[in-house]
K.L.:
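Take a look at the following structure, please.
Because the structure is a prediction, the values reported are computed rather than measured.
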Amino acid sequence: MMLLPTHHFRDIERKPEYLQPEKCVPPHHPGPVGTMWFIRDGCGIACAIVTWFLVLYAEFVVLFVMLIPSRDYVYSIINGIVFNLLAFLALASHCRAMLTDPGAVPKGNATKEFIESLQLKPGQVVYKCPKCCSIKPDRAHHCSVCKRCIRKMDHHCPWVNNCVGENNQKYFVLFTMYIALISLHALIMVGFHFLHCFEEDWTKCSSFSPPTTVILLILLCFEGLLFLIFTSVMFGTQVHSICTDETGIERLKRKHQPREHRGSWKSVKETFGGDFSLNWFNPFSGPCDPEPLSDRDWVRQAASLSETDNTETAEEQSEERKDEDSVEVTDE
């Protein structure tokens, strides 16, 4: 019996000469629960700062150009509360998405002792990431920015300076949703303010000069329209990924690995933290705690077939597999 070409590489990985466990540094002891996660990436940090700046700019224009100078106090109070609440939830979701461990696999756990503890049986294989020296569970992928293997990695997003994975996908979905909502809200208020200023004297509808007011409103309008489209698309893509239980990388690479497909509703509940409630929309409430990885999560079963294998084809598949698992996907 010979392994299929698509499984040949996994069989190679099971061999000690490929795994090279003696070259792996044992992983550090895990920190206490809740330890902050932060990626030191210059591009990601810059994008995160720009994100906060754009939200605060919108906050400035909405408050000091449109709401505070308005003589309709009820309109100003209601819209001010709604906009500030959405902005707070958006920034809170951004912080949670950025500072939450997305589901990193323990780095350097491909040690001789750990591999021996798995007690591999005939037909079982383990898959090692040569970049972070980790044994990769099913559906984990290596991120070249985070320099870690991430469970159920969807993509690496520079706007939150983090990967979107098993543990922080909820916060990323909420971030895109709240940004889309405040963008829509700002656009509606800009439209009403322009109509009001055309009907009234421009000097009375804003505390700034008319040219400055127009420039600030046009910039806010452009920002709101751009991010409304962008975040709405990202929100829809993420919801689709959750409902189909298929990450962006899996969809992009057209992976059809044999695995259990859970019901869409079960996947949604696990991502957002249980049965439907207001906590689904709360960035301070986390998703369902993932079950600890057991031995069977690290070990995979290799399929076998009759002797119709081709060594050259298997080597080509091996190279493709190597490249495949070091791919970085971003939403830039």
K.L.:
Heavy atoms, side chains only, cut-off 4.5 Å: are Cys132 and His142 in contact?
P.N.:
yes
K.L.:
Do other residues, nucleotides or ligands put more than 12 heavy atoms under 6.0 Å from Leu195 CG?
P.N.:
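Check passes, neighbour count above 12.
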K.L.:
Cys149 pairs by side chain to side chain contact (heavy atoms under 4.5 Å, CB included) with which of Pro137, Cys133, Cys129?
P.N.:
Cys129
K.L.:
Give the minimum heavy-atom separation between Met66 and Ser70, together with the two atoms involved.
P.N.:
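What the structure gives for the nearest pair is O-CB, 3.5 Å.
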K.L.:
Does Phe192 CZ have over 12 foreign heavy atoms under 6.0 Å away?
P.N.:
no
K.L.:
Please confirm whether the backbone N or O of Ser209 pairs with a side-chain atom of Thr213, one donor and one acceptor, at under 3.5 Å?
P.N.:
yes
K.L.:
Below 4.5 Å, heavy atoms only, C-beta onward: do Leu219 and Leu217 meet side chain to side chain?
P.N.:
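SC-SC contact between Leu219 and Leu217 ruled out.
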K.L.:
Check whether Arg96 reaches the backbone of Tyr171 with its side chain - one donor and one acceptor, N or O, closer than 3.5 Å.
P.N.:
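No; judged by distance alone, with no hydrogens or angles, the pair does not exist.
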K.L.:
Please check if any side-chain donor atom of Trp159 sits under 3.5 Å from a side-chain acceptor atom of His94, or the reverse.
P.N.:
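There is no such pair between these side chains.
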K.L.:
Are the side chain of Asp41 and the backbone of Val145 linked by a donor-acceptor contact shorter than 3.5 Å?
P.N.:
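Not at all, since once roles are kept as given, no pair shorter than 3.5 Å links the two residues.
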K.L.:
Please determine whether side-chain contact (heavy atoms from CB on, under 4.5 Å) holds for the pair Val268 and Cys243, giving the CA-CA distance in whole Å, both sets of side-chain angles, and the decisive distance to 0.1 Å.
P.N.:
CA-CA 6 Å; Val268 171; Cys243 291; 3.9 Å; yes
K.L.:
What's the spacing between Met189 CE and Phe194 CZ if we round to 0.5 Å?
P.N.:
13.5 Å
K.L.:
Looking only at heavy atoms, what is the nearest atom pair of Pro283 and Phe281, with distance?
P.N.:
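Closest heavy-atom pair between Pro283 and Phe281: CD-O, 3.5 Å.
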K.L.:
Stepwise, does the side-chain contact (heavy atoms from CB on, under 4.5 Å) test hold for Lys170 with Ser285?
P.N.:
CA-CA 9 Å; Lys170 170 186 175 176; Ser285 172; 3.8 Å; yes
K.L.:
Could you tell me the separation between the CE atom of Met234 and the CD atom of Gln238, rounded to the nearest 0.5 Å?
P.N.:
5.0 Å
K.L.:
Taking the side chain from Asn279 and the backbone from Asn282, do they hold a donor-acceptor pair closer than 3.5 Å?
P.N.:
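No, because the side chain of Asn279 does not come within donor-acceptor range (under 3.5 Å) of the backbone of Asn282.
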K.L.:
May I ask you to test the Cys163-His155 pair for a side-chain heavy-atom distance under 4.5 Å?
P.N.:
no
K.L.:
Looking only at atom types and distance, does a side-chain atom of Ser117 sit under 3.5 Å from a main-chain N or O of Phe114, one as donor and one as acceptor?
P.N.:
yes
K.L.:
Looking at every heavy atom in both Asn168 and Ala97, which two are closest together, and how far apart are they?
P.N.:
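Result for this residue pair: ND2-O, 3.0 Å.
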K.L.:
When clusters are formed by joining ILVMFWY residues with side-chain heavy atoms under 4.5 Å apart, either directly or through shared neighbours, do Val233 and Leu187 land in the same one?
P.N.:
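No, because Val233 and Leu187 fall into different hydrophobic clusters, even though each may have its own neighbours under 4.5 Å.
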K.L.:
Short question: side chain of Ser232, backbone of Ile229 - any donor-acceptor pair under 3.5 Å?
P.N.:
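Not confirmed, Ser232 side chain does not pair with Ile229 backbone.
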K.L.:
Start with the C-alpha gap between Phe88 and Ser93, add the side-chain angles, then the distance that decides, and say whether side-chain contact (heavy atoms from CB on, under 4.5 Å) holds.
P.N.:
CA-CA 8 Å; Phe88 170 76; Ser93 300; over 6 Å; no
K.L.:
Within the structure provided, determine whether Asn167 and Arg151 are in side-chain contact (heavy-atom separation under 4.5 Å).
P.N.:
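They are in contact (side-chain heavy atoms under 4.5 Å apart), so the answer is yes.
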K.L.:
Would you find a donor on one side and an acceptor on the other, under 3.5 Å apart, between the side chain of Arg148 and the backbone of Val105?
P.N.:
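Judged by distance alone, yes, a pair lies under 3.5 Å.
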K.L.:
Do the non-hydrogen side-chain atoms of Cys146 and Ile39 ever get within less than 4.5 Å of each other?
P.N.:
yes
K.L.:
Can you check whether Asp154's main-chain N or O pairs, donor with acceptor, with Thr247's side chain at less than 3.5 Å?
P.N.:
no
K.L.:
Can you tell me how far apart CD (Glu166) and CG (Asp101) are? Round to the nearest 0.5 Å.
P.N.:
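That separation rounds to 10.0 Å.
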K.L.:
Is Leu181 reachable from Leu278 through a run of hydrophobic residues whose side-chain heavy atoms are each under 4.5 Å from the next?
P.N.:
no
K.L.:
Of all heavy-atom pairs between Thr231 and Thr176, which one has the smallest distance, and what is that distance?
P.N.:
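Closest approach of Thr231 to Thr176, heavy atoms only: CB-O, 3.5 Å.
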K.L.:
Is a side-chain N or O of Asn161 found less than 3.5 angstrom from the main chain of Pro158, in a donor-acceptor match?
P.N.:
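No.
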K.L.:
Between atom CD1 of Ile49 and atom CG of Leu54, what is the distance when rounded to the nearest 0.5 Å?
P.N.:
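Nearest 0.5 Å value for the CD1-CG distance: 12.0 Å.
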K.L.:
Heavy atoms, side chains only, cut-off 4.5 Å: are Thr100 and Phe172 in contact?
P.N.:
no
K.L.:
Using every non-hydrogen atom in the two residues, find where Cys221 and Val190 come nearest and quote the distance to one decimal.
P.N.:
CB-CG1, 4.3 Å
K.L.:
Restricting to non-hydrogen atoms, name the atom on Asp275 and the atom on Trp280 that form the minimum distance, rounded to 0.1 Å.
P.N.:
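Heavy atoms only, the tightest pair is O-NE1, 3.2 Å.
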K.L.:
Run Tyr178 and His185 through ring pair (Phe, Tyr, Trp, His ring centres under 6.0 Å) and show every step you take.
P.N.:
CA-CA 10 Å; Tyr178 287 128; His185 190 198; over 10 Å; no
K.L.:
Say whether Arg251 and Ser241, considering side chains only, have a donor N or O and an acceptor N or O under 3.5 Å apart.
P.N.:
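A donor-acceptor contact under 3.5 Å links the two side chains.
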K.L.:
Please examine the side chains of Lys128 and Ser134, heavy atoms only from C-beta on, and report whether any two atoms are closer than 4.5 Å.
P.N.:
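A side-chain contact under 4.5 Å is absent here.
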K.L.:
Under a 4.5 Å side-chain heavy-atom rule over Ile, Leu, Val, Met, Phe, Trp and Tyr, are Phe284 and Phe272 clustered together?
P.N.:
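Yes, same cluster.
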K.L.:
Could you state whether Val214 and Tyr57 fall into the same hydrophobic cluster, counting links through intermediate Ile, Leu, Val, Met, Phe, Trp or Tyr residues with side-chain heavy atoms under 4.5 angstrom apart?
P.N.:
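Yes, it is one cluster - the side chains of Val214 and Tyr57 are joined through contacts under 4.5 Å.
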K.L.:
Mind checking whether Val239 and Leu174 sit in one hydrophobic cluster, side chains of I, L, V, M, F, W, Y counted as touching below 4.5 Å?
P.N.:
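Linked, Val239 and Leu174 end up in one cluster.
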K.L.:
Looking at CZ of Phe230 and CZ of Phe235, how far apart are the two atoms once the value is rounded to the nearest 0.5 Å?
P.N.:
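It comes to 14.5 Å.
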K.L.:
Using 0.5 Å steps for rounding, measure from the CD1 atom of Ile215 to the CG atom of Leu220.
P.N.:
13.5 Å
K.L.:
Between Asp245 and Lys152, is the closest basic N to carboxylate O distance under 4.0 Å?
P.N.:
yes
K.L.:
Within the structure provided, determine whether Trp37 and Met98 are in side-chain contact (heavy-atom separation under 4.5 Å).
P.N.:
no
